[in-house]
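What you are looking at is a predicted structure, and each value in this text was computed from that prediction instead of being measured. Reminder, nothing fancy here: chain letters follow the sequence lines and each chain counts from 1.
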Amino acid sequence: MSLRARAAALLAASASAATLCAAAPPGPAQPILFSHRVHAGDQRIGCTSCHVYAERGPVAGVPSMQRCQGCHKFVREDPDHPEITAQLKPLLQILKAGTAVEWVRVHRVPDHVYFTHERHVLAGVRCQECHGEVERMEVVRQVAPLTMGWCLECHHRKQRERPVGRERLTECVTCHK
Amino acid sequence: MTTSTGEAFRSIEETVRATHGRPGPAYWIGLAIAGSVAAFGAWSYSLIVRTGLHWTGLERPGMWGNLITDFVFWVGIAHSGTLISAILFLFRARFRTAVYRIAEMMTVFAVLTAGLYPILHLGRPWFAHWLFPYPNQRGLWPNFRSPLIWDVFAVSTYLIVSTVFLLVGVAPDAAALRARATGWRRRLYGVLAFGWKGTDEQWRHYTRAYLFFAAFATPLVVSVHSVVSWDFAVSILPGWHSTLFPPYFVAGAILSGVAMVITILIPVRRAFRLETLIELRHIDMLARLVILTGLIVTYSYATEILLALQGPAGDPERSTFLYRMTGPYAFVFWTMVACNCVGPALLLWNRVRRSTPLLMGICIAVNVGMWLERFNIVVSSLSHDRLPFDWRIYVPTWVEWAMTVGAFGWFFTLFMIGMKILPPVSIAELKEEAAHASHEGAAHAG
Amino acid sequence: MRDPSERRVGRRTFFRITGAAGAAGVAAGCSPQAATERLVPWIVPPEDVVPGQPLYYRTACRECSAGCGVTARTREGRATKLEGNPEDPIGRGALCARGQAAIQGLYHPERFRGPLRRGPGGALAPLSWDEAEDALAQSVAAAGAKGPGRVRLLTRLEPGATGAVQRAFMKAAGARPRDRVVLEPFDPAPLRIAARALLGADGLPVFDLAEARSIVAFGADFLETWRSPVEGARQLAAGRGRLGEDRTRVTWVGPRLSLTGVSADRWVRCRSGGEGAVALGLLRVLLDPARSVAVAAEVAPLSPRVARLDPRDLADRAGVPWEEIERLALELGRRRPSALLGPGAQSQGAGAVQLAAVATILDVALGNVGRTVFHGRDQREDVPSSADEVGALLAAAAAGEVDVLLVHHADPVGTLPASFHAREALAKVPLVVSFALRPDPTTALGHLVLPDNHALESFDDVAVRAGVVNLVQPVMTPLADTRQAAQVLAEVGTRLPTPAAFPSTDPFDLLLARAADHARAALGTAPADLATVHRDALQRGGHWSAPPPSRPPRLDAHAAEPFLALPAPAGGMPSELDLVVFPTALRGDGRGADLPWLREVPDTLSSVSWSPWLEVSPATAKRLGVATGELVAVSTPAGRAEVPAYVFPGIRDDAVGLPIGPEALALLPAESAPTFRWSGVRATVARTGGRTRLPVLEGSPYQHGRELVPVVSAAAPSPHRPDLSAKMYPEPTHPQHRWAMAIDLDRCTGCQACMVACHAENNVPVMGAQAATEGRYMGWIRVERYLGEAPGADLDVRLLPMLCQQCTNAPCEPVCPVYATYHTPEGLNAQIYNRCVGTRYCSNNCPYKVRTFNWRDAQFERPLDMQLNPDVTVRSRGVMEKCTFCIQRIRHGENEARDEGRPVRDGEIVPACAQTCPAQAIVFGDAKDPDSRVSRLARDGRAFRALEETNAQPAITYLAGVRQRGET
Amino acid sequence: MPGERGVLGTFGDPGAAARAVRALRAAGLRVDAAMPAPFPELVEALGKHRSRLGLVTFPGAVTGLCLGVLLTVGTSLAWRLVTGGKPIVSVPPFVIVIFELTVLVGSLTNLVAVVVGGARGAKRQAAVAAAEAVGDRIAVFAAGDPAAAARLLREGGAEEVRDVP
């Protein structure tokens, strides 16, 4: 058996260790009820139409209150479903007050990791590959461990698929500057 | 006659058991001193942990100083133990029997001391485990090309193997002591005896296994200090980059180790009433080892310097050695020469060798000299490297001195405790010798 | 860069929100500060900002009067880095060390947070801007009523909108024009006087050194502080680029070898104050009929007068052998055009005006005027006042004739010789108003502190010279409740009894109002659409046009006569030494010398940081019995100071050198001369017996026969290089790029701009004076300076900028046990801080010793931490760090190229050091591309590599300096 | 063999014990002994074959060697990081690590082997093991014809002879 294969075996071992290290916790409670299932799932609103910077910069960006306002100027109530109208109230109050919703952070990489959405989105990585089936989640939770081994597993694979021109994928300085 | 053999056995056991008797005030005072010195060292290290290595006198270009010197020194000390016990065992050197147990104890405790220092000198010691290979979520392993990783493997292997070697040797003795021990000692010896009954089959496996251990340990001893020497030799720093280092370091290690054994044996045999078992002729044989290794070390010094001085005027290598001999560290260099070259040579005179105080003095001097040798190698080369603009003199701070002294405190604490638990000589082998002796007596009588 | 008029509103509102959002760490992820766990969205997103993407604004540097253009990089609304404006005709994209450090003035922890008034208790207490402006208006009105001269203004040179506002305000306050005094202590006033007297020309001459084949600098450090150093360095580099006979030859004339002198081909070691005699000697030789050197006809009438000068006397006054002067003169006669520069601070003594005059005559005689020296091109907006005028102001203040003194970015107490007694004078003024950004000795005496906006928060314009107006615009909203001084004056001015007529009190409109003139000057005609023109100008950075043709002025021979007298012999006791006070590239004239980077970065020549030092020649040191670091007492009639000695062979035995600073100011006299006197002072020097740990970076300043920094000459055109053909392993391959650098030592002037730029770009911490004495300087690039082969050998200064060499066979890599450093496929020697455990073996094994270790946690005192570059990790204690070739910039360039689907262009990616190098000595590029500049330079005959014999295969190629000693 | 009937004699002197052992074996009795130290003459008299510990220890060492190769070469290839222009699989440095691992694993198997072997020995020679001859006495156990054994032991100079169990 080739050294390469043995190496792959070792890698698999460490990768499995990685998955063990990271059990996905349930999503944190957010200040107001916001359902990705409704927005991204039922309404089929594209991710980048709210997370506008995902294709342009390192951070995907939290939608501005102006953007919420954009739709909820009209979507204010649901006569048939009073409970939905009730759910909308807190948001409408905040929008009226002109303040901002203080969302609780879900995904986080350490400060010594330089992660940029831009490169991943432009490379054609689907949001779900890292964030999970967000459009099915009422409350967003972290599904991927976001550990180095987890990142590398994909980077190594992509590099093995087409090594030429992808040297940077497994360079330390790509993520640690 | 038969009884005489039995008595001989009994007297041996008695002498050994006596060393484990209730400790006197002297012992407690000694232990207290050693312990507090170690504690002070630990406290001064806590300063570094709290706010960083700025407590040291280190600065570019000299990134290593006292702490690495301590590491190399204690690894060196650790050498004699396994040397005396394994190599001399393979060479069937009789005088080994009386002294090797203490030497082995010294080895284990010295490695325990040495192993600390590379970790203590790290910028981020809390990540020291990254130097060990274990499957991790990062998918990143150590760099096996680094001499420091070789150190990790060499030193930890050495620690494990010499500990095993020590305990295996202790097993039959533990069984013997257990017979008349009580309380915790009985339980402890029960464990250390590994269910030893002394049946012939056990002995057959045991003797065989002991041979293998010796066979493993011997190349290991040589490899460990060679590896330590490679920490320096594989670098490209003038004064470090030298093919001579491995043999030179091994010889130096044995020199310092044996000197340390003597330094310890002389007071110990007196304090623990072991004169009957550890005789002066044993120590004399060790002193001869000091002469031998001292000569090798002297030869190495000479070769190194003479080769370096062959270089052209602007040669950094040459410059470094001139700096060692004439620069601000000259006193270190010349003290080292006095202690490691002249000292052992004096032992060529029987009168010097036989006089306990002189021998003791020279051995202590050799230990000082060997510490200075490592300091000289580590520091003077660094502070005088290739770009003169960066030259800088390193002076250890009190924190570093405290940690250096603390190492001795730590070592002697362990050693004094060990002396009260483990048999300081190999009972079984002494019995064998005793039987042998009485036989010869019988043969003459008959 | 976007439309400024709309951005004004846009940006202000937007920053108010970002303030919250930024703090909440929306843009974290790579931010060095720990982000909170809450994400606060923008209410209204700024349309021109993408978090994590830089946004650039053009503005101008106000650290000195050169007025270089600046491109400011901002992230999430805070400026993080200043770089030169490549379109700006002055700096051409380069900035000096002080320009790079300007951003620390913006984030200086001690900056005033708002207006302050000194209460009865003597403590400064905050008050509102309205109160402050009312208070000021009332007292100015009251004082103005008493008649002229009761209200005075002491300002730095303000050749722009601010200056105009000041003048209008003073007029409204009933003050005379001369009540506005411009304090520029290091302005080469003698040159103005000479130009006016001899040529009838106003202002300072403007030089084009690139054209000159010879340059003689009489104590004028044109590569450090004199006039426009960035421009000077670039022009010299251009002139040096010409090979053979046309290559510019530089001669430094002075008692002390300055950094500029280091770049010179020849040093005429004249005694302090002897520069004038040297200049006269040159004239004497050139006008000597026997020599038959062709000189301009207009100087012919002077020859009989000059012929009367006795060479022996001249040589005696100069303190150099006559032959040396002769040789230099003949060279000047042969190598034309040339440029004679001076005086500079180091030669600005009693004879400074004569020196300036003779230099001017020489320029005329050699036909330099109109070719390398241009008169009438200086800016006409504002003129520095003479020392007399400053003295007069202080005298009036001391006499109690001044009721209100407005101090605008001038620090008379801190930057004038103590013997001017500015402190006492200001103490007599009932109301001292200071517009300073942060406390200085003058604000300590201020009654009303109205903190100005930093230049990076202001709208203004700087007329640099005819045809060059650089525009200053805010790159971020003010950090604190500060207000631009021009606005304050305008607002106060409109509240005066006879209100000043201002188009508006908003700085932007004030600027817009001037835009018409600028545009007309630039375009020649009145612009049709002013708003557009002005916006374009703001985006570009200024209004630039070719200088108006000015016919060369004629020399007035009669006026020249009085300047041709033999200088007086040196006075004073023989036991006394000449005190040479000199500015440095880092300290400048002392203003802004308190910025952390400028104090942390070691001086190139002495390698001293954080401390003043007294340059003492080895012989003098021996005579006084002092060594480097020992305290020496220097006393002059004016005062006494204790300074640590620094033994330096680059100074005459009869002189000592002292960098400008409080110690120097304490020693300087204030004689009533038209110009400030910085040199020509005699001092007695004695050892005190005390000693300090002087923070010196250098170990040994000698090469010890190691040929570390070779030089080439016509005789030996290439340095010796070892044969490295033998290979043990196949070289690592670099599939795409192999980033490399070339450093031309013939261009490098040791100005230290690269060092400061690196601090700014890479979050290199400032560790402070204590760490400096321990040799724990954290800089990623340093300039190693060697004085010669060995102690006692002849002085031969060579500079070697030393940074990580990014070796192919990097010795640091294999010794790291945890892969914290390794070789990337692009040829970089990567350092992964978060992997480093701190064994420090890499540094031990690095032959170049370019790795620095974090001995303790670095402190970035608020708000200095706002300057940190979010793309670069802030390193914690216990880890090793080093130059990365600005990996973040490389990646940025690579990604941009990839997004545009094209290969990376040569010169597109530029590390901070190369970007700011005024002499463009540093070239960065891809060694895999045989046509890239860096590859071509690597093939140059002067190419060599540092410590090449170690076979580390560095990525940095040095080009040996060219020596023309002896050749003429 | 546990529960085996036989006679146990104790000696103070190895030489005497050795002679007795020879006599017993000459009489065709199976003999075990226990002693405080491996007296050569006695071991020789027992004339039992040499321990085959090596059969365990050697494979152990080889395992260590393979482990070393796998660890060094495998991990280097798993993520190819170039350091100092050296090849990914740089043999000389790896040899050092491999050697250390060989010694380590070898010694540990050796330890296990001797402990296990010893325990099994004590079990198989339960009769003589019971005598705890670890101090100053040598125990000799002879299985089979008790009467003859006891006689031979007494003649051999046994200080004490008793039947077991």
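A distance below 6.0 Å separates the ring centres of C:His823 and C:His734.
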- [ ] Walk me through it: do C:Thr80 and C:Arg73 pass the test side-chain hydrogen bond (donor to acceptor under 3.5 Å, both in side chains)?
- [x] CA-CA 6 Å; C:Thr80 60; C:Arg73 185 182 69 204; 3.2 Å; yes
TODO: Could you give me the CA-CA distance, side-chain angles and deciding distance for A:Gln87 and A:Ile32, then say whether side-chain contact (heavy atoms from CB on, under 4.5 Å) is met?
DONE: CA-CA 9 Å; A:Gln87 288 173 354; A:Ile32 67 170; over 6 Å; no
TODO: Please report the C-alpha distance between A:Tyr114 and A:His112 in whole Å, then the side-chain angles of each, then the deciding distance to 0.1 Å, and finally whether the ring-ring contact (aromatic ring centres under 6.0 Å, His included) criterion is met.
DONE: CA-CA 6 Å; A:Tyr114 182 86; A:His112 57 70; over 10 Å; no
TODO: Verify side-chain contact (heavy atoms from CB on, under 4.5 Å) between A:Arg105 and A:Gln142, making sure each step is shown before the conclusion.
DONE: CA-CA 10 Å; A:Arg105 193 184 191 105; A:Gln142 178 178 340; over 6 Å; no
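Identified by a heavy-atom distance below 4.5 Å to chain C, the contributing residues of residues 168-177 of chain A are A:Arg168, A:Glu171, A:Cys172, A:Val173, A:Thr174, A:His176, A:Lys177, in residue-number order. Within residues 64-84 of chain A, the residues having any heavy atom closer than 4.5 Å to a heavy atom of chain C are A:Ser64, A:Met65, A:Gln66, listed by residue number. When the heavy atoms of residues 828-836 of chain C are compared with those of chain A, the residues falling under 4.5 Å are C:Ala830, C:Ile832, C:Tyr833, C:Asn834, listed by number.
Only the backbone of A:Pro63 comes within less than 4.5 Å of a heavy atom in chain C; its side chain stays farther off. At a 4.5 Å heavy-atom cutoff, the contact between C:Gln888 and chain A is made by backbone and side-chain atoms alike.
Here C:Glu894 does not pair with C:Arg898 in a salt bridge; the nearest charged N to carboxylate O distance is not below 4.0 Å. The pair C:Arg902-C:Glu908 meets the salt-bridge criterion, since a charged nitrogen lies less than 4.0 angstrom from a carboxylate oxygen. Between C:Asp899 and A:Arg119, at least one side-chain N (NZ, or NE/NH1/NH2) sits under 4.0 Å from a carboxylate O, which counts as a salt bridge. The pair C:Asp871-C:Arg891 does not meet the salt-bridge criterion, since no charged nitrogen lies less than 4.0 angstrom from a carboxylate oxygen.
Applying the side-chain contact (heavy atoms from CB on, under 4.5 Å) criterion to C:Pro735, with sequence neighbours excluded, gives A:Glu167, C:Pro825.
The distance from atom SG of C:Cys886 to atom CG of C:Asn762, rounded to the nearest 0.5 Å, is 4.5 Å.
Comparing A:Val101, A:Thr99, A:Leu122 by heavy-atom pairs within less than 4.5 Å of chain C, the highest count is held by A:Val101.
Between A:His155 and A:His120, the ring-plane angle classifies as tilted under the 30° and 60° cut-offs. The aromatic rings of A:His117 and A:Phe115 sit perpendicular, their planes meeting at an angle over 60°, well past the 30° parallel limit.
For the residue pair C:Glu881/C:Trp780, the side-chain donor-acceptor check at 3.5 Å is satisfied.
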